[in-house]
Amino acid sequence: MLERTLSIIKPDAVSKGHIGDILARFEKEGLQIVALRMLHLSKSEAEGFYTVHRERPFFNDLVEFMTSGRVVVLALEGQDAISRYRSIMGATDPAKADQGTLRKLYAANVQNNAVHGSDAPETAKTEIAYFFSELDITG
Ligand code: ATP
Ligand code: MG
């Protein structure tokens with residue numbers, strides 16, 4: 001199925017200079033970049049994005065991390081883009097991620113884990129709409 005998913009290159013990967021590596025991987029894997037922007041999230045923007053996790057013990061640390069530097073936010077499109085991108089990212093904890101995944105290659109730990117990816121069609125839709133208007137997404 002042709003799907004769209006939201007990707008974030010998190011502050012750790014941006015500050016370590018991995019934007020280019022990660023974008024190149026998307027192109028190599030046939031995940032088409034249909035929208036892209038760089039931003040430095042405010043506290044309320046990060047809290048809003050991660051609102052599903054607000055009761056989790058790591059929420060405040062996660063918000064602090066996500067606001068610690070610039071991020072790159074992208075909408076990716078392709079066949080089965082949601083699950084395919086999640087397998088390219090690897091497990092949340094890089095110690096458990098498969099060889100060659102973005103998190104194995106670029107993440108430091110379970111919090112500073114380099115990339116975000118939507119986990120289902122409904123979340124992909126709301127997450128893309130959180131950062132992009134329909135006009136921002138190229139046809
Ligand atoms: P993402 O939503 O960023 O793609 P994910 O779906 O693999 O990652 P979630 O369970 O949705 O993982 O957690 C969201 C984010 O919260 C993780 O990517 C990570 O940055 C952080 N996180 C998750 N679990 C922990 C934890 N146990 N300790 C610290 N941070 C965590
Ligand atoms: Mg998630």
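Counting starts at 1 for both ligands and their atoms, in listed order. Hydrogens, waters and symmetry mates are skipped; everything else that's a heavy atom, side chains included, is used.
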For [X], the ligand 1 atoms whose distance to one of its heavy atoms is below 4.0 Å:
| X | answer |
| --- | --- |
| Lys10 | 3 (O), 17 (C), 18 (O), 20 (O) |
| His53 | 9 (P), 10 (O), 11 (O), 13 (O), 14 (C) |
| Asn113 | 17 (C), 18 (O), 19 (C), 20 (O) |
| Arg103 | 1 (P), 3 (O), 4 (O), 7 (O), 8 (O), 18 (O) |
| Arg86 | 4 (O), 5 (P), 6 (O), 7 (O) |

Separation between OH (Tyr130) and OG1 (Thr51), nearest 0.5 Å, reads 8.5 Å
Can you tell me how far the CG atom of Leu31 sits from the CD atom of Glu3, to the nearest 0.5 Å?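 Those atoms lie 10.5 Å apart.
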Exercise. Which bit of Val110 is near ligand 1, meaning a heavy atom under 4.0 Å away: side chain, backbone, both or neither?
Worked result: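 Contact part for Val110 vs ligand 1: both backbone and side chain.
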message: For Thr92, which part has a heavy atom under 4.0 Å from ligand 1: side chain, backbone, both, or neither?
response: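 It is both backbone and side chain that touch ligand 1.
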- Task: Give the ring-plane orientation class for His53 versus Phe58, where under 30° counts as parallel, over 60° as perpendicular and anything between as tilted.
- Result: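 Geometry flag for Phe58 against His53: tilted rings.
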So which heavy atom in the protein is nearest atom 1 (P) of ligand 1, and how far is it from that ligand atom?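 Nearest neighbour among protein heavy atoms for atom 1 (P) of ligand 1, to 0.1 Å: His116 ND1, 3.1 Å.
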How far is atom 26 (C) of ligand 1 from its nearest protein heavy atom, and which residue and atom is that?
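Checking every protein heavy atom, the shortest distance to atom 26 (C) of ligand 1 gives Phe58 CD2, 3.5 Å.
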* Asked: Taking it one step at a time, do Asn112 and Lys10 satisfy side chain to side chain donor-acceptor pair (under 3.5 Å)?
  -> CA-CA 8 Å; Asn112 298 21; Lys10 295 185 179 184; over 6 Å; no
Which pairs with one or both residues in residues 124-139 pass salt bridge (Lys or Arg N to Asp or Glu O under 4.0 Å), sequence neighbours excluded?
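The answer is none; no pair qualifies.
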Sorted by chain and residue number, the ring pair (Phe, Tyr, Trp, His ring centres under 6.0 Å) partners of Phe26 (sequence neighbours excluded) come out as Tyr85
- Could you tell me whether some N/O pair between Met89 and ligand 1 is separated by less than 3.5 angstrom?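 No, there is no polar N/O contact under 3.5 Å.
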